[in-house]
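Each remark here refers to the structure printed beneath this line.
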Amino acid sequence: MAAVAQCVRGALRSRYPLLRLALRTSPRLLCVATPQKNTGQNVEEEQSPSANEQKAEPSSAEKLLAEEKAKLEDQLKEIKDKYKRALADAENVRQRSQKLVEEAKLYGIQSFCKDLLEVADILEKATESVPKEEIKDENPHLKSLYEGLVMTEVQIQKVFKKHGLLRLDPVGAKFDPYEHEALFHAPVEGKEPGTVALVSKMGYKLHGRTLRPALVGVVKEA
């Protein structure tokens with residue numbers, strides 16, 4: 001510090017006589033700059049914590065944003081799940097509705113078909129009641145009537161088949177409780193037990209679904 005003060009005094013003696021006189025009286029005047037410089041550093045050091053606090057604030061904001069982002073992502077995931085479930089439910093409803101419509105088209109006539117089956121039964125009994133030996137050319141009226149009944153029965157069976165109504169004639173077949181209704185069980189020689197030996201009333205199926213089970217007699221063990 002003494003060397004610096006001497007250099008300054010030498011530089012200023014020639015130009016500023018008054019300043020030289022001041023330096024003689026106050027040789028510590030030049031030392032003022034150093035404390036001021038140190039004071040400036042201290043201010044910066046004092047301000048540095050506040051700067052760190054300012055740097056810490058964005059990290060808190062980022063944390064809040066991250067939490068908000070996580071919440072929004074969870075909400076979006078939940079909404080997507082609900083949307084997918086809603087689509088699946090709508091598709092199930094559509095398929096069930098379509099199935100109901102198709103079944104209505106196929107089986108909507110089953111009540112009408114049941115009524116027609118009674119007519120078919122009457123025609124069948126009428127043709128069976130005519131004695132075969134009486135159907136001769138000598139008896140043209142009976143012959144014509146019989147042939148007309150047979151043609152009517154054949155035609156009505158064609159109409160039934162056209163609309164998916166099929167006749168069941170299960171003689172000799174294995175008894176099926178979904179298609180047959182057992183009226184009695186009796187031993188029959190030469191017949192396997194559990195098979196149909198006699199059909200009292202023909203059954204019918206509409207598009208593969210049993211509309212009326214056949215009334216049958218089932219063979220049992222002797």
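In this text, all values refer to a predicted model and were calculated from it rather than measured experimentally.
One distance of note links CG of Leu87 with CG of Asn92; it measures 11.0 Å at 0.5 Å rounding. Note that CG of Leu206 is 8.0 Å distant from CZ of Arg209, once rounded to the nearest 0.5 Å.
Leu168 and Leu116 are members of different hydrophobic clusters when ILVMFWY side chains are connected at heavy-atom separations under 4.5 Å. Hydrophobic clustering (side-chain heavy atoms under 4.5 Å, transitive across Ile, Leu, Val, Met, Phe, Trp, Tyr) groups Leu106 together with Leu165. Val154 and Val130 fall within a single hydrophobic cluster, where Ile, Leu, Val, Met, Phe, Trp and Tyr side chains are chained together by heavy-atom contacts under 4.5 Å. In the hydrophobic clustering of this structure, Val150 groups with Leu142; members are Ile, Leu, Val, Met, Phe, Trp, Tyr whose side-chain heavy atoms approach within less than 4.5 Å, directly or through other members. Side-chain heavy atoms closer than 4.5 Å link hydrophobic residues (I, L, V, M, F, W, Y) into clusters, and following such links, possibly through other members, connects Phe112 to Ile156.
Ion pairing of Glu78 with Lys82 is present here, as a side-chain N (NZ or NE/NH1/NH2) and a carboxylate O approach within less than 4.0 Å.
Checked by atom type and distance alone, the side chain of Arg212 pairs as donor or acceptor with a backbone atom of Met202 at under 3.5 Å. When atom types are taken as modelled, the side chain of Asn139 and the backbone of Ile135 share no donor-acceptor pair closer than 3.5 angstrom. Although no hydrogens or angles enter the test, the distance criterion places a donor-acceptor pair under 3.5 Å between the side chain of Ser129 and the main chain of Ala126.
The heavy-atom pair separating Val196 from Val199 by the smallest distance is CG1-CG2, 4.2 Å. Here the closest non-hydrogen pair linking Asp137 and Pro140 is O-CD, 3.5 Å. Considering every non-hydrogen atom in both His207 and Tyr107, the closest pair reads O-OH, 3.3 Å.
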Anything under 3.5 Å between a donor and an acceptor, one on a side chain of residues 213-221, the other on a protein residue two or more places apart or in another chain? List them.
none

Please output the side-chain donor-acceptor pairs of residues 170-191 that fall under 3.5 Å, not counting sequence neighbours, one pair per line with the distance.
residue	atom	partner	partner atom	Å
Asp176	OD1	Tyr178	N	3.1
Glu179	OE2	Lys205	NZ	2.9
His180	ND1	Asp176	N	2.9

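Within a 6.0 Å radius of NZ in Lys69, other residues, nucleotides and ligands contribute 12 heavy atoms or fewer.
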**Chi angles and distances behind the side chain to side chain contact (heavy atoms under 4.5 Å, CB included) call for Glu102, Gln98** = CA-CA 6 Å; Glu102 292 176 355; Gln98 184 177 0; 3.6 Å; yes

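Judged by distance alone, the side chains of Gln95 and Glu91 do bring a donor and an acceptor atom under 3.5 Å apart.
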